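The next block holds one structure in the form of structure tokens; read it before the comments.
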Amino acid sequence: MHIKDFVSGSLAGACGVAVGYPLDTVKVRIQTQKQFTGIWQCAAETFSKEGVHGFFKGLSLPITTISMTSSVVFGTYRNCLQCLSQARGGGPNTKPEVFLSGMLAGIAQTSVMSPGDIVKVRLQCQTESKRGGTNMPKPRYRGPVHCLLSIVKEEGFKGLYKGALPLVLRDAPSFATYFLTYTTICEKLSDGSKKRPAWGVVMLAGGISGMVARVEGAGVFFKSLGINCLRAFPVNMVVFVTYEVLNGFLQTGHDSVEQPRFGFE
């Protein structure tokens, strides 16, 4: 079992969510509240009424859960690749194996992602500010832990998994595309090299794979797609660079030069 992939994935996920959280807050508000008509209008109004803090509401719990989520994603993905390779006698993974491993990783991460996602969205949708006067409405939830406990108290544990099935239907193909895009770009830009791809290649491949994996739905489901893609590039660039750096640091032995980290035939 590749334990280092769980560790590297965890820290990479935390870095990624910290980078992309302000844009994620703007995206969620545009998608869920009619008073916000565009990216700049939403960002300006959020800053005016709530300050910088308004862009980071609910960050502490998501950064914890997304650390666990990324750990599950990268750990499941890497170990699925290893099992599939061993099942056919070894060698670099094929494209279908990369796609299947990514799909299984997307399904597995829903178990830890759903509760954090519920809390994150509810806190992001709170436009009331703690800085408001005595006559101003106060936020319903005081913070991530209070929000989490309130949901469990009012709706039971099943309340933390509302919308879990749509998450599975979204994330299974999304992560399959995510990892397949990353490995394909790394292979093409590395000229089939068996060594780790250059950092510039990792950054480009990570950013593009994040953008490609987040194109979803049609019609109203494309609302805020632009900001989603804008956020996806730097977030996933940071995720993959952090993951590769940490994985390389934790790597021991000679397998770092035997085959590409995400290579296939």
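The shown structure was predicted, so the numbers you read here are calculated from the model rather than taken from an experiment.
- Remark: the backbone N or O of Glu97 is paired with a side-chain donor or acceptor of Ser101 at under 3.5 angstrom.
- Between Cys125 and Arg29, every side-chain heavy-atom pair lies at or beyond the 4.5 Å cut-off.
- Under a 3.5 Å cut-off, the side chain of Ser48 and the backbone N or O of Ala44 do not form any donor-acceptor pair.
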Next on the checklist: Before you tell me yes or no, could you show the steps for Glu50 and Glu45 under side chain to side chain contact (heavy atoms under 4.5 Å, CB included), namely the whole-Å CA-CA distance, both residues' side-chain angles and the distance that decides it to 0.1 Å?
Outcome noted: CA-CA 8 Å; Glu50 306 166 58; Glu45 190 168 331; over 6 Å; no
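- Residues passing the salt bridge (charged side-chain N to carboxylate O under 4.0 Å, His left out) test with Glu155, sequence neighbours excluded: Arg122, Lys162.
- Side-chain atoms of Val98 and Tyr182, non-hydrogen and from C-beta on, never get closer than 4.5 Å to each other.
- Closest approach of Cys15 to Val238, counting heavy atoms only: CB-CG1, 3.7 Å.
- Using a distance-only test at 3.5 Å, with no hydrogens or angles considered, no donor-acceptor pair links the side chain of Thr46 to the main chain of Ala43.
- Under the 4.5 Å side-chain criterion, counting only non-hydrogen atoms from C-beta, Phe55 is not in contact with Tyr21.
- Between the side chain of Lys57 and the backbone N or O of Gln126 there is at least one donor-acceptor pair closer than 3.5 Å.
- Side chain of Arg78 to main chain of Cys80: no donor-acceptor pair is present (N/O by atom type, distance under 3.5 Å, no hydrogens or angles).
- Between the Gln109 side chain and the Gly106 main chain, a donor and an acceptor come within less than 3.5 Å of each other.
- None of Thr25, Thr32, Val26 except one satisfies the side-chain contact (heavy atoms from CB on, under 4.5 Å) rule with Val28; the exception is Thr32.
- The shortest non-hydrogen separation linking Thr76 to Ala105 is CG2-CA, 3.8 Å.
- Asp24 has its side chain within reach of Gln124: a pair of non-hydrogen atoms, C-beta onward, lies under 4.5 Å apart.
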Next on the checklist: One pair to check against side-chain hydrogen bond (donor to acceptor under 3.5 Å, both in side chains): Asp5 and Asn247. What are the steps and the verdict?
Outcome noted: CA-CA 7 Å; Asp5 290 275; Asn247 205 283; 3.1 Å; yes
Next on the checklist: Let's go through Lys95 and Phe99 carefully: what are the C-alpha distance in whole Å and the side-chain angles of both, what is the deciding distance for side chain to side chain contact (heavy atoms under 4.5 Å, CB included) to 0.1 Å, and is it a yes or a no?
Outcome noted: CA-CA 6 Å; Lys95 290 183 181 180; Phe99 189 86; over 6 Å; no
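- Looking at Ser67 and Ser10, their side chains come closer than 4.5 Å, going by heavy atoms from C-beta outward.
- Taking CD1 from Ile208 and CD1 from Ile185, the interatomic distance works out to 4.0 Å, rounded to the nearest 0.5 Å.
- Looking at Ile151 and Val119, their side chains come closer than 4.5 Å, going by heavy atoms from C-beta outward.
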Checklist entry - Does the side chain to side chain contact (heavy atoms under 4.5 Å, CB included) test come out yes or no for Thr94 and Arg88, once each step is laid out? => result CA-CA 11 Å; Thr94 63; Arg88 57 178 173 74; 4.3 Å; yes
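- Remark: side-chain polar atoms of Ser209 are paired, donor with acceptor, to backbone N or O of Gly206 under 3.5 angstrom.
- Looking only at side-chain heavy atoms (C-beta outward), Arg170 and Leu167 come within less than 4.5 Å of each other.
- Of the possible polar contacts, none joining the Ser114 side chain to the Thr110 backbone as a donor-acceptor pair under 3.5 Å is found.
- No continuous path of hydrophobic side-chain contacts links Leu246 to Met237 [ILVMFWY only; heavy atoms under 4.5 Å].
- Distance check, rounded to the nearest 0.5 Å: OH of Tyr243 to NZ of Lys4 gives 7.5 Å.
- The main-chain N or O of Thr37 is found under 3.5 Å from a side-chain atom of Gln41 such that the two form a donor-acceptor pair.
- Side-chain contact between Ile30 and Ile39 is present, with at least one heavy-atom pair separated by less than 4.5 Å.
- Screening Tyr178, Phe6, Phe179 for a ring pair (Phe, Tyr, Trp, His ring centres under 6.0 Å) with Phe74, the sole residue that qualifies is Phe179.
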